[in-house]
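Order of appearance sets the numbers: ligands from 1, and atoms from 1 within every ligand.
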Amino acid sequence: MAEALEMQTLMTGNTEVDERLGRLIGGFEARIAELTRELERERELMAELVARVERTQSQLLQSEKMAAIGQLAAGVAHEINNPVGFVGSNLGSLASYVDRLFGLLAAYEQLEQALPPGHPARAAIATARDAAEVDYLREDIPDLLRESADGLTRVKHIVNDLKDFSRSDAGEWQEADLNRGLESTLNVVWNEIKYKAQVVREFGELPKVRCIPAQINQVFMNLLVNAAQAIETSGTITLRSGASEEQVWIEIIDTGKGMPPDVQARIFEPFFTTKPAGKGTGLGLSISSDIVKRHKGALEVFSQPGEGTRFRIVLPLHANEAEQQPAGT
Ligand SMILES: Nc1ncnc2c1ncn2[C@@H]1O[C@H](COP(=O)(O)OP(=O)(O)OP(=O)(O)O)[C@@H](O)[C@H]1O
Ligand SMILES: [Mg+2]
C-alpha cells in the first residue's frame, strides 16, 4: 500500500518515463526479494553451523571427561596397588603365624591335660580359655583370614580392570581382546548394575581385533549403563560375542523397558534423551555410533517396548584403512 502511494507520487504523467520508472522499481523489488532469500539461507546456514559447533564442543567435552576419568582411574589403581600388595603379604604371614600359634596352643592343651585334676593352674587355664572363647577362635580365625584374602583378590581384580580400562596406550590402535575389554568395563560400571541386573555371559571365542580399546570400552560403557538404566527394578543383562571370518560382533541385551519406534528412530541423534534432566545428556549413543563408524563397523539396535533391547556392535577384522584416521577424529 505504501509502495503504491509512493509510486503515485513518483508518476510524472509521461507514459514512457512512468513505464521505465515502473520497470526500474519492479526490478528493485525483485532484487530485494532475492537478497532477502539469500539472507534467510545464510541465517539458516549460520544456525546449522552454530549447532554443529555446539555438538562438537559437547563431544569434545565428553571425550575429555573420559580421558580425565581414565587418568584418574589409572592413578587410583596405581595408588591402591601398593597397600594391596603389602596387606596381601601380611595376610599370608598372619595366616602362617596363627597356624603356628594354634599348634603351640595344642601343645599347651596337652600339658594342661597332664596336670592333676585339682591343680590350681588347671582351673585358671580353663577359666582363661573360656573367657577367650578359644574353640570359637579356632573356627573363626581361619574363616576371617580366608574371607579377607578373597576380598583382597577382588580388590586386585578391580584394580587390574581399572588399569586395563585406562591403560595409557589404550587410546592408540592396537590388537585387543574385546571379551576382556567388555569384562573390565563391566567391572568399572558394576556399581550401576549390581543392584538391578544379573549378568549372563555368553562369550564366544574372538580373535584379537585391531581397534582403539579406550574408545571401544567407551562404547561398552555407554551401552552397559543404558541397559542398567532401562531396567526399573530387576532384570537381566546378557553379554554375547562371536566371530566369523570377516568380523566380530558383541551384543548387550537387556530385559528393560524397551523403546517405541519413534524413540528408536532418534537415539543416535546428539542430545536426544528421554531421561530426566541431570540423568542423561543424550550423547552416549551418538558418540558410540561415531566411534563404531570410525572403526568401519556398525551399531545396530533391536528393541521391543516392554520386553527389552539388544544392541549389536559389529567390527570388521580386516579394516586396515580405518587406521589411517587419527584416533581423535
Ligand atoms: N537399552 C536401552 N533401553 C531403552 N532405551 C534406551 C536404551 N539405550 C538407549 N535408550 C534410549 O535412547 C536414549 C538415548 O541414549 P543415550 O545413551 O544417547 O543418552 P542418555 O542415556 O539419555 O544420556 P547419556 O548417555 O548422555 O547419559 C535414552 O534416553 C533412552 O531413551
Ligand atoms: Mg546413555
Is there a heavy atom of [X] sitting under 4.0 angstrom from any atom of ligand 1?
| X | result |
| --- | --- |
| G282 | yes |
| D254 | yes |
| F311 | yes |
| K275 | yes |

Should [X] and [Y] count as an ion pair when the cut-off is N to O under 4.0 Å?
| X | Y | value |
| --- | --- | --- |
| E307 | K257 | no |
| R31 | E34 | yes |
| E44 | R41 | no |
| R138 | E109 | yes |

Tell me the protein heavy atom at minimum distance from [atom], and give that distance in Å.
| atom | result |
| --- | --- |
| atom 5 (N) of ligand 1 | M259 CG, 3.3 Å |
| atom 29 (O) of ligand 1 | T274 N, 2.9 Å |
| atom 11 (C) of ligand 1 | I267 CG2, 3.8 Å |
| atom 3 (N) of ligand 1 | A230 CB, 3.2 Å |
| atom 18 (O) of ligand 1 | L285 N, 2.8 Å |
| atom 14 (C) of ligand 1 | F272 O, 3.3 Å |
| atom 22 (O) of ligand 1 | T273 OG1, 2.5 Å |
| atom 17 (O) of ligand 1 | N226 ND2, 2.8 Å |

Would one find more than 12 heavy atoms of other residues, nucleotides or ligands at under 6.0 Å from atom [atom1] of [X]?
| X | atom1 | value |
| --- | --- | --- |
| R154 | CZ | no |
| R180 | CZ | no |
| F302 | CZ | yes |

Gap between atom CZ of R310 and atom CD of Q304 - 0.5 Å precision: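 The CZ atom of R310 is 11.0 Å from CD of Q304, to the nearest 0.5 Å.
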Spatial distance of atom CG (L239) from atom CG (L224) [nearest 0.5 Å]: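 It comes to 6.0 Å.
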Ligand 1 atoms in contact with T281 (distance to a heavy atom under 4.0 Å):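 Reading through ligand 1 atom by atom, the close ones are 23 (O), 24 (P), 26 (O), 27 (O).
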N222 near the Mg ion (ligand 2) via N/O/S, less than 2.8 Å: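 Under 2.8 Å: N222 has no N, O or S contact with the Mg ion (ligand 2).
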Ring geometry between F268 and F311 (parallel below 30°, tilted from 30 to 60°, perpendicular above 60°):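 Correct class here is perpendicular.
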Sub-3.5 Å N/O-N/O distance, L283 and ligand 1: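 Yes, L283 has an N/O under 3.5 Å of an N/O on ligand 1.
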